[in-house]
Amino acid sequence: MNEVTKRFGGLVANNQVSLHVNAGEILALIGPNGAGKSTLFNCISGVAPLSEGRITLNGQNIERRSPRAIARLGLSRTFQHVRLLGQMSVLENVALGAHLRGQQGVLPSALRLQRPEENRLLAEAARQIERVGLQDSMAAPAASLPLGQQRMVEIARALCADPTLLLLDEPAAGLRYLEKQALADLLKKLRAQGMGILLVEHDMDFVMGLADRVVVMEFGEKIAEGSPEEVQRDPRVLEAYLGGVE
Ligand code: ADP
Ligand code: MG
């Protein structure tokens, strides 16, 4: 994305922000509350139309496209809060995600699908559930899983759209130590398969152990970019986080 600006009335939530995510790379986006991280996600995924700037995905301009069109071009996202249908099985939850990629365009009444289409969706969902390592829990109600595994279900759902770029909003929030490790292992595996991953995350240990590069935002602007080691030494970053270190 190139010089993306997003204004809400007089407030500049993103000011000429440029960044790119390579295939097979994890880029972390960090910054204090109100820095503009979620707004940037919303601009990329098409939820919030940007005011100025350009965004390309796999060589195609996406800054004026609908969220649906952008998803079809290879972008998937998860949300900050788990959005699963608790009483439905893991398989059904993930199949709903796959359904959004199906040709029919209408919303998720899996029951109203044509049989071959339904079978195709369930097979794709099962494949993505195996990819995140939850094959033993396919039939379990989503709500019966621990939070760490529910996050994995959401990622499996996002993977059904066959993305080349995955946006994750605070995937480690609320997870226990071992759950974070399992999540990090999964993200490393996806990276090794060539996926680009852009994540907003507050857990610094998690970010610094995982990200290839880090972009730091403050007051809507990019104030630093580099390897985890570089940004942790950057005086502007220290100032943003610690409120001024002389
Ligand atoms: P972050 O995710 O980094 O905490 P946000 O992107 O949520 O930051 O917010 C950046 C700024 O934009 C904040 O000042 C916030 O109040 C403002 N903002 C975000 N969304 C809206 C909106 N829909 N309308 C008006 N202001 C908004
Ligand atoms: Mg936010």
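Predicted, not measured: the structure shown is a model, and the values here were computed from it. Below, all heavy atoms of this structure are taken into account, side chains as well, without hydrogens, waters or symmetry copies. When a ligand or atom number is given, it counts from 1 through the structure's own listing order.
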Practice problem: Could you walk me through whether T164 and N58 pass side-chain hydrogen bond (donor to acceptor under 3.5 Å, both in side chains), step by step? | Solution: CA-CA 8 Å; T164 50; N58 302 322; 2.9 Å; yes
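The 4.0 Å heavy-atom shell around ligand 1 contains residues F8, L11, A13, P32, N33, G34, A35, G36, K37, S38, T39, ordered by chain and number.
Remark: E92 engages no residue in a salt bridge (charged side-chain N to carboxylate O under 4.0 Å, His left out) (not counting sequence neighbours). E179 is linked by a side-chain contact (heavy atoms from CB on, under 4.5 Å) to P146, L175, R176, counting only residues two or more places apart in sequence or in another chain. Not counting sequence neighbours, the partners of D234 by the side-chain contact (heavy atoms from CB on, under 4.5 Å) test are A224, R236, V237.
F41 does not carry K37 over the face of its six-membered ring by the limits of under 6.0 Å from the centre and within 45° of the normal.
Residue side and main chain included, S38 places an N/O/S atom under 2.8 Å of the Mg ion (ligand 2).
Salt bridge annotation for D205-K180: absent, with no cationic side-chain nitrogen under 4.0 angstrom from a carboxylate oxygen.
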